[in-house]
Amino acid sequence: ATEAYWSSVRRELQEEIGVLPELSLIGMFPPIPRVNYEYSAIFMGVSQGPFVIQEEELEEVRWVTESELRQLAPLTQTLRWLLDEGVIWSRS
């Protein structure tokens, strides 16, 4: 199952934003009551672009601060949990 996550994230990054940065696995998560109902894997990658947006899937790619991300609407339960638990935003 882990290899399926790796191949999926590489394929989706290439298809949807046109980049394939080096990736590291942050964590794998089971379904979490009142948050989400599926297994998830969170990866980290850094790229300065250039980004090529797949317009059928995305409206835009932009840099945001943690505060700006928290203000986006709708903020899904999963994204709120990942932020609140410190999974996806470095506090250093």
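Only this structure's heavy atoms are used, side chains among them; waters, hydrogens and symmetry mates stay out. Residue numbers run from 1 in the order of the sequence given.
The two residues Trp89 and Glu66 have their closest heavy-atom pair at CZ2-N, 2.9 Å. The two residues Asn36 and Glu38 make their nearest non-hydrogen contact at OD1-O, 3.3 Å. Residues Glu15 and Gln54 come closest through the heavy atom pair O-CB, 3.4 Å.
Contact check for Leu13 versus Leu23: side-chain heavy atoms found under the 4.5 Å cut-off. Here the side chains of Ile17 and Leu58 are in contact, with some heavy-atom distance below 4.5 Å. Leu79 is listed as a side-chain neighbour of Leu69, based on a closest heavy-atom distance under 4.5 Å.
Arg80 contributes atom CZ, which lies 4.5 Å from atom CG of Leu75 (distance to the nearest 0.5 angstrom). We find the OG-CD distance between Ser47 and Glu22 to be 12.0 Å, quoted to the nearest 0.5 Å. Interatomic distance, CD1 of Ile42 versus OG of Ser24, reported as 11.5 Å (0.5 Å rounding). In this structure, CD in Glu12 is found 12.0 Å from CG in Leu20, a value given to the nearest 0.5 Å.
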When you look at Glu16 and Ile53, which way does the side-chain contact (heavy atoms from CB on, under 4.5 Å) test go after all the steps?
CA-CA 6 Å; Glu16 294 186 14; Ile53 297 172; over 6 Å; no
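Judged purely by distance below 3.5 Å, without hydrogens or angles, the side chains of Arg11 and Gln14 never pair a donor atom with an acceptor atom.
When atom types are taken as modelled, the side chain of Gln77 and the backbone of Arg34 share a donor-acceptor pair closer than 3.5 angstrom.
Pairs passing the ring-ring contact (aromatic ring centres under 6.0 Å, His included) check and including a residue from residues 10-34, sequence neighbours excluded, read Phe29-Trp81. For residues 32-53, the ring-ring contact (aromatic ring centres under 6.0 Å, His included) pairs, not counting sequence neighbours, are Trp6-Phe43.
Residues Val52 and Val19 do not share a hydrophobic cluster, defined by chaining ILVMFWY side chains whose heavy atoms lie under 4.5 Å apart.
Arg62 meets the side chain to side chain contact (heavy atoms under 4.5 Å, CB included) test with Glu60, Val64, Leu72; sequence neighbours excluded.
Counted within 6.0 Å of CD on Glu59, heavy atoms from surrounding residues, nucleotides or ligands total 12 or fewer; the atom is thus considered open.
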